[in-house]
Amino acid sequence: MARIRIRLGEKTKTLSVGALLIYLGIGVLFICIFWQFSYLMIYKTLDDEDLVAHGHDKFTRSAVREAERGDIVDRHGNVLASDMEAYRLALITDADYPNHVTDPKETAEAVSEIIDMPAQDIQARIEEGIENERFQVELGKEGRDLSYNQKNALEDGSIPGIVLTPETKRFYPNGDFASHLIGYAEQQGDTDELQGQLGLERAYDDILQGQDGTIDYTQDLWGYIVPNSDTVKPPEDGAEMKLTIDSNIQLYLEDSLDIMEEHFEPEELFAVVADAETGEILASGQRPSFNPRTREGFGNSWLNMLYQYSFEPGSTFKVFGLAAAIDAGVYDPNALYESGSYDVNGYTIHDWETEGWGEITYNEGMQYSSNALMMLLQDKVGEDKMLDYYKQFGFGETTGSEFPNEQTGTLSWESELQRKTTSFGQGSTVTPIQMIQGMTAILNGGKMKKPYVIESITDPDTDEVLHQGKETVVRQVISEEAADKTHEELNTLVGGSMERNPQYLLDDYEVAGKSGTAQVIDPENGGYMDGPYEFLTSFIGYAPEDDPEVIIYYGVKLASKNKSDTWDIGVMPGFNPLMERTLKYLTVGESEDEQEAEVIEVGDYAGEPLSGIPFASDSTIQTIVVGNGQEVVDHYPKNDKLLPYDSFFVKTDGDASMPDLTGLSKREAVLFGDFVGIEVTVEGEGYVNSQSIAPGTVLSNEEALEVTLSSNDPED
């Protein structure tokens, strides 16, 4: 091999060519390595990848700290919607996994004792999973939304193969309760975040949702957290929304809707209770409705009827034409006119009694709800001026409420016929919230109050009030004198000289208002439906009549059962108990001493003497005792609140005996059955007036109870 001699000072070194090439190669390699390290130190990138960020990602970890969705509460702070931790149950069916189901039958029987699902159904799911070689199976809705107590019971049972995964759920403690108003929120599959889907939950989703926080930290090669490396961004919890809704009045309203639904089986129902002085919405509900907790009934109706349902109101609309005529100075209650019909450009429009009642006074015409009178008054006021009055009362535009997509309704005013039919509530459309708003003007000296349902929205961390609802005067619609005279006229429409609408009279309170029976559009054939009793029947009433505190607007559309009752008694089965219970709850007309009833805090009294319950003798609470002992074994509610005129259920030691359930509502009777563990069937509507098991009878687990309800208020 060729050699090369290299002289180094006085020495001569002989190298082969191959060795020289090796040395040169090593030198070049070191130069390349040095260059590469220098490049990396200077530019910190490799193949366009940021090495600093790559290293940061390799050793940095980040975790999300979820924000709590804000609560929705009623005017007294009672929770209407809140976050809660729930658990999802899965059963491992893969035999290669250490914790798996070893005996499907035994596991199914153990699980069925804790969740509401038959053992044979659970066993079938497990065996199907094993047969199909699945890793795990779930049990559908019965295996979701499990409570903390159910979780503990499953874990304490040491059942092989169970896995419980925590998840945040939106909890609606009252079930079907102002459901379209409150709405609901549910987890989104892609993010697992709660997101509002309907009602206020959707309209104010951003405010209720809050902002998630994060915690970032660095870990070493062995997975330990590097000290002082964490950076925390705390979550910002969602704001709390307080509504003007009163849970007790809402409960009365839901009970009344149940009564009406059972009696009429209608296509639609709605009811709203408002404070006559401030415009606050105290309760609102509708049928069809749904349970936001179980979704039962969901999809039957998407509309929030209070704000989004527009319809022809019928004769309830006449109160606004009356107010306009009085304000314009053309209404004399003692003036005479010929009732029965009115000619409009060749068309003859009749009163509901086509022959009329002869020559009668304007006031008598109002009591008879005469269409001819309303058309006459509109001509006297002038059509352009009457249209302006209707607009001043807020019709044809939204109320500017907190609820999105509020409907405006329509004022049909293009033709002479449309203008005339509008005077008695046909042709033009309104929403329930517009009717409530318009009525506030008549009852408050002509000052129209804007209805509102959100009392406040508050930041839970800073207590900053983000939104404050308040009493607001929209405008002076009519003069104070005209409002007072209209109020006086309306006071004659229930039980007046013509004895009209006597069904709305109450023993303890003077109720006034106006009924309405409107034709309904035929969606298939056009025009109006012309079958017997195919109406929308309604009543807008207030009480006490001389100093109104409460307005209730109640409507039923297209009854399929007891149809003639919509003409004979109207909405009385629902309106009367709702008005009476509301007034008694608000202690209207009672002495100052009687008005001191307040919300009662309920603790846990198990093991204590019955006499030790602090509110046992409270006259505003109906205590239902099951048992003949003196020591409290269980009670409902527990660690909660009681509103005046609520029922409190107690079990004592000794033999469990049937109490007297007289006066309980349908909802309370069902609650009683759940409390004592017996099946309750209900007949009729209203409040319990008889029961199949006599008071004092010793109960057994096999007992079933039948109760009969009456529409009369139990406190009459």
Side-chain angles (χ1 to χ4, degrees), residues 62-75 77-86 145 166-174 177-216 231-245 280-281 284 290-293 295 298-299 302-308 398-408 433 450-470 472:
S62 181
V64 175
R65 300 181 63 188
E66 291 186 359
E68 289 189 13
R69 190 174 180 87
D71 289 348
I72 300 177
V73 301
D74 80 343
R75 66 191 300 116
N78 299 304
V79 173
L80 304 177
S82 181
D83 283 1
M84 68 172 294
E85 189 172 64
D145 296 343
E167 53 188 7
T168 301
K169 291 290 185 182
R170 196 65 165 166
F171 181 57
Y172 301 91
N174 300 304
F177 194 85
S179 300
H180 283 81
L181 180 66
I182 297 168
Y184 76 97
E186 66 179 6
Q187 282 183 314
Q188 299 303 291
D190 53 344
T191 64
D192 284 336
E193 288 184 352
L194 285 171
Q195 187 173 357
Q197 302 296 307
L198 192 72
L200 293 170
E201 289 272 34
R202 178 175 181 176
Y204 293 84
D205 185 61
D206 291 343
I207 294 174
L208 291 166
Q209 194 174 75
Q211 295 291 327
D212 288 342
T214 57
I215 176 169
D216 300 321
T231 303
V232 177
K233 178 186 176 184
E236 298 178 9
D237 291 339
E240 178 183 88
M241 178 180 289
K242 177 180 279 192
L243 305 184
T244 60
I245 296 295
E280 294 169 279
I281 302 301
S284 174
F290 69 98
N291 186 328
R293 189 164 55 189
R295 302 293 191 271
F298 184 70
W302 300 99
L303 289 180
N304 179 336
M305 294 180 74
L306 179 60
Y307 300 101
Q308 296 177 311
T398 71
T399 64
S401 71
E402 310 96 329
F403 204 90
N405 303 320
E406 181 185 346
Q407 296 298 299
T408 62
I433 198 69
K450 178 181 177 180
Y452 64 102
V453 73
I454 299 178
E455 182 175 314
S456 64
I457 300 176
T458 306
D459 186 314
D461 297 323
T462 65
D463 290 331
E464 178 188 359
V465 177
L466 306 176
H467 169 81
Q468 182 66 62
K470 60 181 180 179
T472 303

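Given the structure is predicted, the values throughout are model-derived calculations rather than measurements.
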> If you round to the nearest 0.5 Å, how far is CG of Asp461 from CD of Glu236?
Replying inline: 7.5 Å

> So do the side chains of Met305 and His180 get within less than 4.5 Å of each other, counting heavy atoms only?
Replying inline: no

> Considering all heavy atoms of both residues, which atom of Pro404 and which atom of Ala203 are nearest to each other, and what is their separation?
Replying inline: CD-CB, 3.4 Å

> Backbone N or O of Asp205 within a donor-acceptor pair of the Gln209 side chain at under 3.5 Å?
Replying inline: no

>> I need the Leu80 CG to Arg75 CZ distance, nearest 0.5 Å.
In response: 12.0 Å

> Would you find a donor on one side and an acceptor on the other, under 3.5 Å apart, between the side chain of Glu201 and the backbone of Ile182?
Replying inline: no

> Closest approach of Arg69 and Leu194, non-hydrogen atoms and distance?
Replying inline: NH1-O, 3.6 Å

>> Working to the nearest 0.5 angstrom, can you tell me the gap between Gln407 CD and Leu303 CG?
In response: 7.5 Å

> Closest heavy-atom contact between Thr399 and Glu406?
Replying inline: N-OE2, 2.7 Å

> Between Thr458 and Glu464, does a side-chain contact (heavy atoms from CB on, under 4.5 Å) hold up when you go through it step by step?
Replying inline: CA-CA 6 Å; Thr458 306; Glu464 178 188 359; over 6 Å; no

> Mind checking what makes ring-ring contact (aromatic ring centres under 6.0 Å, His included) contact with Tyr307, not counting sequence neighbours?
Replying inline: Phe403

> Going from CG on Leu243 to OG on Ser284, what distance comes out if it is rounded to the nearest 0.5 angstrom?
Replying inline: 11.0 Å

>> side-chain contact (heavy atoms from CB on, under 4.5 Å), that's the test. Do Arg295 and Tyr184 meet it? Break it down for me.
In response: CA-CA 9 Å; Arg295 302 293 191 271; Tyr184 76 97; 3.0 Å; yes

> Looking only at atom types and distance, does a side-chain atom of Thr472 sit under 3.5 Å from a main-chain N or O of Lys450, one as donor and one as acceptor?
Replying inline: no

> Closest heavy-atom contact between Ala86 and Lys169?
Replying inline: CB-CG, 3.6 Å

> Is there a side-chain contact between Phe298 and Leu198 (heavy atoms, below 4.5 Å)?
Replying inline: yes

> Between Lys242 and Ser456, is any pair of side-chain heavy atoms under 4.5 Å apart?
Replying inline: yes

> Which atom names give the shortest non-hydrogen contact between Pro451 and Ile281, and what distance separates them?
Replying inline: CB-CD1, 4.2 Å

>> Taking Val453's backbone N and O only, do any of them form a donor-acceptor pair with Glu402's side chain (distance below 3.5 Å, no angle check)?
In response: yes

>> Which heavy atom of Ala185 sits nearest to which heavy atom of Tyr172, and what is that distance?
In response: N-OH, 2.7 Å

>> What I'd like to find out is whether the side chain of Val79 reaches to under 4.5 Å of the side chain of Val73, using heavy atoms alone.
In response: yes

> Going from CG on Asn78 to CG on Asp71, what distance comes out if it is rounded to the nearest 0.5 angstrom?
Replying inline: 11.5 Å

>> Can you confirm whether Leu200 sits close enough to Leu208 that some side-chain heavy atom of one is under 4.5 Å from a side-chain heavy atom of the other?
In response: no

>> For the backbone of Gly196 and the side chain of Arg202, can you confirm whether one donor and one acceptor N or O come within less than 3.5 Å of each other?
In response: no

